[in-house]
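Have a look at the structure below, then the notes.
Remember, predicted model here, so these are calculated numbers, not experimental data. Numbers restart at 1 for each chain; the letters A, B, ... are given by sequence-line order, proteins then strands.
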Amino acid sequence: MTNVDNTNENTSGHASDNMEENSDFQDMNEILRVRRQKLAELQENGKDPFEIVKYDVTHKTRDIIDSFDTFDGQEVSIAGRLMSKRGMGKSSFCDVHDRDGKLQIYVQVNMIGPEAYSEFKKYDIGDMVGVKGEVFRTQKGEISIKVKEVVLLAKSLRPLPEKWHGLKDTDMRYRQRYLDLIVNPEVKSTFILRSKIIKAIRTFMDNRGFIEVDTPLLNTIPGGAAARPFITHHNTLDIDLYLRISPELYLKRLIVGGLEKVYELGRMFRNEGMSVKHNPEFSMMEIYEAYNDYKGMMELTEQLISTVAQEILGTTKISYQGTEIDLTPPWSRMTMCEAVKKYAGVDFDAIATADEAKKALISKGLDIKGAVSKGEAMNLMFETFAEEHLIQPTFILDYPVEISPLTKKKPGNPELTERFEVFIYAREIGNAYSELNDPIDQKERFERQVEKRESGDEEANMMDDDYVIALEHGLPPTGGLGIGIDRLIMLLTDSYSIRDILLFPTMKPRD
RNA sequence: GGGCCAUUAGCUCAGUCGGCAGAGCACUUGACUUUUAAUCAAGUUGUCCCGCGUUCGAAUCGCGGAUGGCUCACCA
């Protein structure tokens, strides 16, 4: 009975399964057919471009453009994708694009001979070519190569998107990112910038005496953050494993082991909602420094981000989505309690009990589901009323202990912890603690997390006994910091969506 | 999951009141030996996202569905 309605999935028009192979060619439009015919002709004449294994490239187009005076009159060879053709009978101008630039080539029939020229005229936009010739400047002043030899290095069998408007369909841009990179120059430069930013971050950390380490992506206990993990399975061991949500607990084991200053910059996986700021896999850097605390991490955060901005963009005053943001240190500092007082008008210093906190929430029109502690109430108010105002870089200090299970309590105030989050453009960019190193306290905090988990909170931490044993061997006082690398790159590249700074963002499969 | 919007040629997009499916780029043929969004002449290109309905007639109107975008909710 229940299956009857599903029959339409099998009968809805896929009757062509048995005749698909041979009808491919007929189904193609003219552009596809013509290009395949050109390839077939080349192959029949023993000139199959796909048999070529190597081309001797002496220069990149960027080098030639940047130092024309030294290349003027010299012979060079370049290679790249043919992106435009301006043919005028017995001579042609074309643009060849390589990674960092483009260069015009000038092909004349009496330079390469009538046979090679007529073959060249069959090249299509999108073909990969190698070109050898002499550098010169045209009458209109454009640096070019007068071609002595041109080689087809790969035939493009499909047309590129339109040259003037580029590729706009966002879905296609993400699914076929190579097309996006070919036709939208600003996309290519964004990803080149991403690479430079990450390199600058690593250089900064290395210069400060940190070592980069790699810890497991496959975890038996996913810890260090409040997030739902992805689950996978190892066949030989026959156990489920989790993809890591944070490297925190491994990195602190390394501090116990005496590595003192470590960082890891890599991919995290969180099985949660997707948005303009969230992708299921994303890059984060975590840093741990022995004998330091969260105040030291504040200084490190400011220095790191402002130094990278200065190096990559040449300034610490950036523009993000039309808003000026000043990354010049020092950044403003405010406790969460102060922020809530300022933006919500509620003074949590004057609130003693969870009941009073609940009343304060209700008076601000907030919904309360289940039991809410004083700290959770303050955090909720902070997120609701304060976060949106934190446009310029701002450290928010002293988070409630209930939502900070891995953080040292503030001396003299057991309700709060030595923790900050840093916000830029109302987004959380970083999160840092004075790390909790008391194994007995840690064990109790885990137990409280386990209780939350058992009462339905899928994001609460699991008990990690092995980590507690590591702490029992002695973790020095340590400062720890996590920085959302993708969000930082969004800021520095002025990108609206996280999908614009991930080459292949997670997509729902088609069909 | 809710709301709003979109889906038309390989790409970017028009398509009026329901009346033969359009443009630019790309492509094909021809002309052109310093062009550059080359130019000029001629030509080709369609599951109008899918299904059902209303109608003499649907790209256009109605209902249902798919995909995507934005947004709200969710989400350290």
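Of all nucleotides present, only B/rG53 satisfies the Watson-Crick or G-U wobble test against B/rC61, with each distance under 3.5 Å. The partner of B/rG22 is B/rC13, by the rule that a Watson-Crick or G-U pair needs both atom distances under 3.5 Å. When both distances must be under 3.5 Å, the Watson-Crick or G-U wobble mate of B/rA38 does not exist. Nucleotide B/rC4 forms a pair with B/rG69, judged by Watson-Crick or G-U wobble geometry with both contacts under 3.5 Å.
Across all strands shown, A/D169 has heavy atoms under 4.0 Å from sugar-phosphate atoms exclusively, and none from any base. Looking at heavy-atom distances under 4.0 Å, A/I403 makes contact with a base. Counting any heavy atom pair closer than 4.0 Å across all strands shown, A/P405 reaches a base atom. Residue A/I31 is classed as a base contact, given a heavy-atom separation below 4.0 Å to a base. Residue contacts for A/Y433: at a heavy-atom cut-off of 4.0 Å it reaches a base atom on one of the strands shown. Within 4.0 Å of A/Q104, counting heavy atoms only, lies at least one base atom of the nucleic acid. At a threshold of 4.0 angstrom between heavy atoms, the contacts of A/R499 are confined to the sugar-phosphate backbone, with no base atom among them. Residue A/M274 is classed as having no contact, given no heavy-atom separation below 4.0 Å to the nucleic acid. Counting any heavy atom pair closer than 4.0 Å across all strands shown, A/Y496 reaches sugar-phosphate atoms only and no base atom. Nucleic acid contact for A/Q139: base, since at least one base atom lies under 4.0 Å from a heavy atom of the residue. Among the protein residues, A/E272 comes within range of the sugar-phosphate backbone only, with heavy atoms under 4.0 Å from sugar or phosphate atoms but none that close to a base. Within 4.0 Å of A/V183, counting heavy atoms only, lies no atom of the nucleic acid at all.
Counting to the nearest Å, the C1' atom of B/rC75 and the CD atom of A/E387 are 12 Å from each other. Rounded to whole angstrom, the span from the CG atom of A/L167 across to the P atom of B/rC13 amounts to 10 Å. The distance from atom CG of A/D180 to atom C1' of B/rC11 is 13 Å, rounded to the nearest whole Å.
The base of B/rU45 is not paired with the side chain of A/E30 by any donor and acceptor separated by under 3.5 Å. Interface remark: the A/T138 side chain does form a donor-acceptor pair with the B/rU35 base, using a distance-only criterion of under 3.5 Å.
Side-chain atoms of A/D124 and A/S156 form no donor-acceptor pair, as typed in the model, at a separation below 3.5 Å. The closest side-chain donor-acceptor pair between A/S332 and A/Q392, if any, does not fall under 3.5 angstrom. Remark: the A/S373 side chain and the A/E376 side chain contain an N/O donor-acceptor pair separated by less than 3.5 Å. Inspection of the A/S92 and A/Y117 side chains reveals an N or O donor paired with an N or O acceptor under 3.5 Å. Side-chain contact annotation: A/Q108 with A/S91, donor-acceptor N/O pair under 3.5 Å absent. Residues A/Y294 and A/D398 have side chains that bring a donor and an acceptor to within less than 3.5 angstrom of each other. Of the N and O atoms on the side chains of A/E435 and A/T478, not one donor lies less than 3.5 Å from an acceptor on the other residue.
Considering only side-chain N and O atoms, A/R35 lies nowhere under 4.0 angstrom from the phosphate OP1 or OP2 of B/rG10. Residue A/K38 places at least one side-chain N or O under 4.0 Å from the OP1 or OP2 atom of B/rU28. OP1 or OP2 of B/rU35 has at least one side-chain nitrogen or oxygen of A/K140 nearer than 4.0 Å.
On the C1' atoms, B/rU60 is 38 Å away from B/rU39, given to the nearest whole Å. B/rU55 sits 16 Å from B/rG62 when the P atoms are compared, rounded to a whole Å. Distance noted for atom C1' between B/rC32 and B/rC48: 39 Å (whole Å). Taking atom C1' in both B/rU36 and B/rG68, the straight-line distance is 36 Å, to the nearest Å. When the P atom is compared between B/rG15 and B/rU8, the two are found 14 Å apart, to the nearest whole Å. Spacing between B/rC50 and B/rC17 at atom P, rounded to whole Å, works out to 24 Å. Nucleotides B/rA59 and B/rC13, compared at atom C1', are 15 Å apart to the nearest Å. Atom P of B/rU12 sits at a distance of 29 Å from the matching atom of B/rG2, rounded to the whole Å.
Applying the 6.0 Å contact sphere to NZ of A/K155 captures more than 12 heavy atoms from other residues, nucleotides or ligands.
Taking the six-membered ring for Trp, A/Y123 and A/F120 have ring centres closer than 6.0 Å.
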Contact pattern, 5' to 3', of nucleotides 37-42 of chain B - B, S or - by protein heavy atom under 4.0 Å: BB----

Stepwise side-chain contact (heavy atoms from CB on, under 4.5 Å) test for A/R419 and A/N431: CA-CA 7 Å; A/R419 170 181 178 182; A/N431 181 13; 3.1 Å; yes

